[in-house]
Amino acid sequence: MDETLFECPKCGDLLDVRYDWSRAALPRRLEDFEQKWSKVGDPLAFSGVWQYHELLPFAAREHIITVGEGKTVFQQADRVAPYADMKPGRLFLQYEGMNPSGSFKDNGMTAAFTHAHMVGATRAVCASTGNTSASVALYSAVDGRIPAVVLVGSGKIAYGKLAQALDYGVRVLQVQGDFDTCMERVKQVAKQLRIYLMNSLNPFRLEGQKTIMFRIIEGLLWDVPDWVLVPGGNLGNSSAFGKAFHELQEIGLIRRVPRLAVIVADGADTLYRIVNQEKIAWDGDRVDRACVAAFYQQMDAENRRARTLASAIEINRPVNLTKCLRALHWTNGLVEKVTDQEILDAKAQIGAGGFGCEPASAATLAGLRKLRKAQVIGRDERVACVLTGHPLKDPNITVAYHTRSDEQLNETYGGYGVRGAPYANRPILVEDDLDKIVAAIQA
Ligand code: F0G
């Protein structure tokens with residue numbers, strides 16, 4: 001607890017947080033957490049993460065750094081449900097883009113900054129496709145005691161996210177390379193300069209991200225859904241969600257574990273290939289790392305690189321692969337992939353449902369539609385999709401989708417397989433003339 005390790009000194013794989021639950025002050029029933037609702041003056045009861053402190057009991061109260069994260073929206077999305085052929089009342093969208101920095105990352109960052117504070121860290125660093133850097137920058141700026149450096153691939157980051165890192169005043173390094181390059185470098189930097197690492201290979205990040213599942217259960221008035229769908233990138237969320245359900249079952253707070261479906265982009269499908277083609281799985285207490293290494297070797301030999309408009313999940317080598325395979329094992333989970341066209345179409349549908357999300361998040365609804373068509377998920381089942389990022393994170397792609405002709409879209413994004421925008425809400429150009437404006441409104 002008082003060290004800053006991010007990989008096992010013996011085997012080199014990631015570390016995991018394990019609790020001795022017999023020493024924890026656990027509630028008897030999940031309903032007991034409702035007592036926190038009345039304590040709005042207490043920052044720990046107010047935070048959507050720390051309201052579940054008893055389920056991530058690694059830090060004492062006085063160490064906790066919170067900015068009021070996790071007050072997110074859980075929506076019964078009856079207007080979006082028909083797109084995935086779901087019955088009314090069965091599809092739920094969990095809008096994690098409603099966090100202070102506009103993505104789910106804040107759930108993990110409050111926990112990682114808390115641990116950083118506990119070990120006396122004086123600087124923080126991360127590699128990012130954008131949202132991690134925005135979140136690190138926000139916590140660093142609000143807290144003021146842990147200055148941060150963020151590494152982003154040059155030209156690889158959506159504008160909203162870059163804007164945040166710049167605005168919050170942290171040091172931004174645009175590295176000539178992609179996310180995987182940044183991830184490799186940041187591990188070296190963290191070691192060499194002894195800087196605290198904020199990426200999701202930090203096990204404390206995942207502790208905070210477990211609470212997204214607790215809030216879904218809360219949204220269902222303390223019941224579990226049948227399925228949870230989550231986009232897969234570096235696989236921190238899926239790993240954390242599996243751990244959340246596994247632990248709740250272990251301590252007897254739930255009886256049934258939902259099935260996890262991790263949805264990846266067609267152009268960044270490492271996990272899909274590993275699970276569905278290579279058939280590599282968690283086998284009891286480990287993963288065959290030699291098989292994974294051979295897979296990556298082949299990937300490099302073929303020079304296959306991730307490429308998707310969902311830039312948040314444009315990742316070749318997900319650092320949490322092992323933990324994600326464990327989560328799939330615990331939840332009887334599965335992996336599906338969707339094209340960029342499917343992602344953008346689903347994003348427009350989610351937007352029309354009222355709150356919206358960024359492209360990577362929409363992979364969930366696109367995946368649900370596909371899994372419904374294949375009859376893997378039933379119309380009647382209760383499904384929660386985790387929408388990981390805010391719609392304003394990547395406005396360029398949204399405006400392009402709604403404003404450009406199919407021909408223009410194909411020209412710019414044809415390389416990503418995007419041919420048109422069947423759900424475009426096209427703005428109408430009108431002269432400054434009252435009659436014409438009235439006519440356009442009435443049309
Ligand atoms: N959705 C969004 C909006 C993200 O920003 C990310 C990851 C993911 C999904 C994937 O989540 O890694 O837990 O599987 N973004 C990271 C970043 C990599 O640097 O911001 P994951």
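Because only heavy atoms are used, hydrogens play no part in the values below, and waters and symmetry mates are left out as well, while side chains stay in. Residue indices begin at 1 and follow the sequence shown. Ligands are counted one by one from 1 in listed order, and the atoms in each one are counted from 1 as well.
Contact atoms of ligand 1 toward Ile315: 18 (C) (distance under 4.0 Å to a heavy atom of the residue). Atoms of ligand 1 lying under 4.0 Å from at least one heavy atom of Asn131, given by number and element, are 2 (C), 3 (C), 4 (C), 5 (O), 20 (O). Atoms of ligand 1 found under 4.0 Å from any heavy atom of Glu358, numbered from 1 in the order shown, are 3 (C). Within the listing of ligand 1, atoms 14 (O) sit less than 4.0 angstrom from a heavy atom of Gly232. Interface atoms of ligand 1 facing Lys105, defined by a heavy-atom separation under 4.0 Å, are 5 (O), 6 (C), 7 (C), 15 (N), 16 (C), 17 (C), 18 (C), 20 (O). The Ser128 neighbourhood of ligand 1 comprises atoms 17 (C), 19 (O), 20 (O), with distances under 4.0 Å to a heavy atom of that residue. Here is the list of ligand 1 atoms found below 4.0 Å of a heavy atom in Ile313: 8 (C), 9 (C), 10 (C). Annotation for ligand 1: atoms under 4.0 Å from non-hydrogen atoms of Gly236 are 12 (O), 13 (O), 14 (O), 21 (P).
Comparing heavy-atom distances from atom 12 (O) of ligand 1 across Val386, Val264, Asn234 singles out Asn234 as nearest.
Given atom 13 (O) of ligand 1, the protein heavy atom at minimum distance is Asn237 N, 2.8 Å.
For Lys161, no nitrogen or oxygen atom sits less than 3.5 Å from a nitrogen or oxygen atom of ligand 1, counting backbone and side chain alike. Considering backbone and side-chain atoms alike, Phe179 places every N or O at 3.5 Å or more from each N or O of ligand 1. Among the atoms of Thr388, some N or O lies under 3.5 angstrom from an N or O of ligand 1.
Both tests hold for Arg317 against Tyr296: distance to the six-membered ring centre under 6.0 Å, angle to the ring axis within 45°.
Not a single heavy atom of Asn199 lies less than 4.0 angstrom from ligand 1. Heavy atoms of Gly130 come nearer than 4.0 angstrom to ligand 1 in at least one pair.
Between Asp16 and Arg326, at least one side-chain N (NZ, or NE/NH1/NH2) sits under 4.0 Å from a carboxylate O, which counts as a salt bridge.
No close placement of the Phe204 and Tyr196 rings is indicated, their centers lying 6.0 Å or farther apart.
When each of Thr211, Asp106, Asn99 is checked for a side chain to side chain contact (heavy atoms under 4.5 Å, CB included) with Val49, only Thr211 meets the rule.
In this model, no donor atom of one side chain and acceptor atom of the other lie less than 3.5 Å apart for Ser133 and Lys161.
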